[in-house]
2 protein chains.
Amino acid sequence: MSTTPQATPRRATITDVAREAGTGKTSISRYLNGEMSVLSPELRARIEAAIARLDYQPNQMARGLKRGRNRLIGMLLADLTNPYTVEVLQGVEAACHALGLMPLICHAANEVEMERRYLQLLTTYRVEGVIVNALGVREETLRPVGGGGIPAVLVDRLVDGLVADMVGLDNRAAAELGTRHLLDNGFDDIWFVVQPFEQVSSRQLREAAFREAMRAHAGRAGTRGEKAAARGHTLVLNLADAGEVERSLAELDRAIDAAAHAREAAGATGKAARVALFAANAPVALRLALHLKARYGADWQARAALLSIDDPDWAELTGVTTIRQPTYEIGYRAVEFLHERIEGVQTTARDCLLPGELIVRASTLR
Amino acid sequence: MSTTPQATPRRATITDVAREAGTGKTSISRYLNGEMSVLSPELRARIEAAIARLDYQPNQMARGLKRGRNRLIGMLLADLTNPYTVEVLQGVEAACHALGLMPLICHAANEVEMERRYLQLLTTYRVEGVIVNALGVREETLRPVGGGGIPAVLVDRLVDGLVADMVGLDNRAAAELGTRHLLDNGFDDIWFVVQPFEQVSSRQLREAAFREAMRAHAGRAGTRGEKAAARGHTLVLNLADAGEVERSLAELDRAIDAAAHAREAAGATGKAARVALFAANAPVALRLALHLKARYGADWQARAALLSIDDPDWAELTGVTTIRQPTYEIGYRAVEFLHERIEGVQTTARDCLLPGELIVRASTLR
DNA sequence: CTGTTAGCGCGTTCAC
DNA sequence: GTGAACGCGCTAACAG
């Protein structure tokens, strides 16, 4: 056995097979495309033998060139670091597998310029469609895609001015579900923490639904006069900017400390505010948890409850309540949508909103 | 603005551009390939204009067909669920980007059959090389690759009988580093917990190095007669089989409980064994942590120390000591190796072993 | 049932 | 400098 990896020998082509089988290329092509009814059993056997002998495998590139479709689709990912993305990817892989598609995965790593370049690259490979988990930037970046270009399906978030199918979480319902859970469990000082959301529709929707739910609750409380209205705050945590993160966290710290003081003053049975943090997604939740742990030590959960949209594996470990997204299904459905478009479906742009599942853990039960 | 995504209009070809620019295809091709010195400035300008007007983008497929190389490489992943994999992927993406390669990501999801099919699919797309984070099965699965087939680079683990470059963690050094750390911190009942390792070289090496380090320590202790030899155990945790997992964890529980009883009997100052768990990778560590937490509650770390190879994001949060792999670099180097092979480098198969970094956290400091 | 022919979009001689 | 012609591996008419 040699220890030197060898150079690739030339692969057999359809012509080689035809010669080896003593026939023409057409018959081979037919065999490859499963048109068995048009081949004599005898010829078929010869072809099979020749293919096996030469270890022949059809060249998808040439195939694609000829028939104008190569079964390639692009998958543009904003951030692989987010477990959400990886989970969606699983669904995408599975669906592609089932539908005979091959996904080209591109990771923009939160860089707009990367996103642009990858998109261009994908069109260059003539992918038949694209699934986009966009960074949420301007529509012009996605020019080659959607409306006038190749079919596209958006995942998790919309892109302004881009007409395309979308599949993702039912953000309104999810944020309301979480907020209600916190209110029902007696938290009356709730901080919705979210990354900058001007550009990202899903974050916008979550934040808006949170405020809406708080307002609705205040309305009910006011009418029935049962208790003081709970307070809701939105805190922006720009994970891309360490300085901003520091400032935001400092604001949070003050609120938490204030609540702690109030609690002491009121005594164990007092009516002090109970603080809860509602993280808009897993990366935010992780950042919050790390900060609280660094500041308050192992017992940080006694200071503030944490609820997160997304269900990272460490949530179970730390007892954090979450709202699980149907990530696998999101990925799967996205591919199905795209496949339909590729096959020529012409309906108006569709939205597929899937429900989240509340997973209650110790963090929000006191 | 229409709300109906439109079908793809035919894309411009090189012929269209030639006609639009009033010239032949050859000149366009030369322009695309940067042979500017052979084009009159005037023609060049016309070509540029035509390309812009038609929004022309060369077809990589046709290109690849003609020149016999398409700049595609395959990336075969055993398990995206493992954060290690995702991190390696980041390095791969970056290197591909830098080298003008396009990675086709394939996720085998721990299924051997998937691995085989994807490999076949990749050759069908005529990828110029493959990076393989194999499931660690028989070499025959990887027949089309390595030695006689297309260039391949192995990541993290070797495959029996497959001659190819490899890049991964220096497993011997890492396992020894971890073991020594535990011994130095007074743990004398150490359980190395690992998934079935007959098929996976990296797990084998880690386990062997662990036992070796324990033996070496026993030798030193014996010679100097300072203290009783520490005990080392290897526990196999087959994450794919819930029943086996239960049994293995039960064994662990007995050991932990025994140590606790001994501790009580000996009193706070006694010489009872200190139990430490050395997880061979992050999935194992997570499983262990979840189990311990379920069994002993939030204070599970008082029962046993946990040290893991791999540094998942929850390690910092829970204070678990880890040995961080240089994952990004592993991915990057793998692509570099592959690129060299693609360019024709013919040296004997190389191994690139990168060092792990010990990150000490509260878990192993008592 | 089977083989021949003509491109798919592009790169590459090789003449002009 | 420039363009016509050929072929990459394959499929799709079109004949036989």
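Below, read A as the first sequence line, B as the second, and so on, with proteins coming before strands; counting in each chain starts at 1.
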Letter per nucleotide, 5' to 3', of nucleotides 3-10 of chain D [B base touched, S only sugar-phosphate touched, - untouched; heavy atoms, 4.0 Å]: BB--BBBB
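The cationic group of A:R11 does not satisfy the cation-pi geometry with A:Y56, failing either the under 6.0 Å distance to the six-membered ring centre or the 45° limit from the ring axis.
Between B:I51 atom CD1 and C:dC10 atom P there is a gap of 10 Å when expressed in whole angstrom units. Protein atom CE of B:M36 is 15 Å distant from nucleotide atom P of D:dG1, rounded to whole Å. Remark: P of C:dC8 and CE of B:M61 are 18 Å apart, rounded to the nearest angstrom. As rounded to whole Å, 13 Å separates atom P of D:dT11 from atom CZ of A:R69. Regarding A:R19, its CZ atom lies at a distance of 16 Å from the C1' atom of C:dG3, rounded to whole Å. Spacing between atom CD of A:E35 and atom P of D:dA12 amounts to 8 Å, rounded to whole angstrom units. Taking atom CZ of residue B:R67 and atom P of nucleotide C:dT12, one finds them 6 Å apart after rounding to whole Å. Across the protein-nucleic acid pair, B:R44 atom CZ and D:dT2 atom P stand 12 Å apart, rounded to whole Å.
Two residues are said to be in side-chain contact when any heavy atoms from C-beta on lie closer than 4.5 Å; B:L77 and B:I105 meet this criterion. At a threshold of 4.5 Å between non-hydrogen side-chain atoms, the residues A:I73 and A:H339 do not count as touching. Here the side chains of A:P151 and A:L338 are in contact, with some heavy-atom distance below 4.5 Å.
When all heavy atoms of A:N59 and B:R126 are compared, the closest pair comes out as ND2-CG, 3.6 Å.
Not a single salt bridge (Lys or Arg N to Asp or Glu O under 4.0 Å) links B:R44 to another residue, sequence neighbours left out.
Looking at A:R69 and A:E343, a side-chain N of the basic residue comes within less than 4.0 Å of a carboxylate O on the acidic one, giving a salt bridge. With respect to A:E42 and A:R46, a salt bridge is recorded, a charged nitrogen being found less than 4.0 Å from a carboxylate O. Ion pairing between A:E340 and A:R350 holds under the 4.0 Å rule for side-chain N and carboxylate O.
B:I28 comes within 4.0 angstrom of nothing in the nucleic acid, heavy atoms only.
When the local axes at the two ends of the helix from C:dC1-D:dG16 to C:dC16-D:dG1 are compared, using 5 base pairs at each end, they differ in direction by 40° after rounding to 10°.
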